[in-house]
Amino acid sequence: MTDPVAAVPDRPGRSRLDGLIPYAAPAVVAAFFGAMAWSHRWLHEDGLINLRVVQNLLAGRGPVYNAGERIEAFTSPVQIALVAAGRVLTLGFVPIETVVFVVGVGCSVA
């Protein structure tokens, strides 16, 4: 039995870009979303709590809101881990607010 797709000859005038057309619309939407998110950047209360937890984590106090209080203060451990990793990778030269925003928008766009 032969492959029916292989038996169809290429259309004349077909370019290599024809295979990229289905990816164009999602790429445009993702780029537009990223641009709008960057221009309207804003951090909610839960994000500010996570910033303080990351600062305490990197200072060696653990994932807590207040030093000495061993209670769970965050609701998104993956975000805490990603922001802490981003903060370590930037060696502290990038403000933590920028790191948390880039991580959040980057995950949303992806």
Note to self: With a 3.5 Å distance limit and no angle check, can you tell me whether Asn56 reaches the backbone of Val64 through a side-chain donor-acceptor pair?
What the structure shows: yes
Item checked: Side-chain donor/acceptor of Arg41 to backbone N/O of Trp38, under 3.5 Å -> yes
Check: Where do Arg61 and Ala67 come nearest, in terms of heavy atoms and distance?
Finding: CD-CB, 3.4 Å
Note to self: In this structure, would Leu82 and Val105 fall into the same cluster of hydrophobic residues linked by side-chain contacts under 4.5 Å?
What the structure shows: no
Margin query: Let me confirm one number: the CD-CG distance from Gln79 to Leu51, rounded to the nearest 0.5 Å.
Written below: 8.0 Å
Notebook entry, point to check: Mind checking whether Phe74 and Val99 sit in one hydrophobic cluster, side chains of I, L, V, M, F, W, Y counted as touching below 4.5 Å?
Noted result: yes
Item checked: Hydrophobic cluster membership, Val88 vs Leu57, 4.5 Å side-chain cutoff -> yes
Check: Between Cys107 and Val78, is any pair of side-chain heavy atoms under 4.5 Å apart?
Finding: no
Checklist line | Result of checking Asn50, Thr90, Val54 against Ile96 for side chain to side chain contact (heavy atoms under 4.5 Å, CB included) | finding: Val54
Next item on the list: To the nearest 0.5 Å, tell me how far Asp46 CG sits from Thr75 OG1.
Entry: 3.5 Å
Check: So if you build clusters from Ile, Leu, Val, Met, Phe, Trp, Tyr with side-chain heavy-atom gaps below 4.5 Å, do Leu43 and Val109 land together?
Finding: no
Checklist line | Check: Arg87 and Val100 side chains under 4.5 Å, non-hydrogen atoms | finding: no
Checklist line | Shared hydrophobic cluster for Val83 and Leu58 (ILVMFWY, side-chain gaps under 4.5 Å) | finding: yes
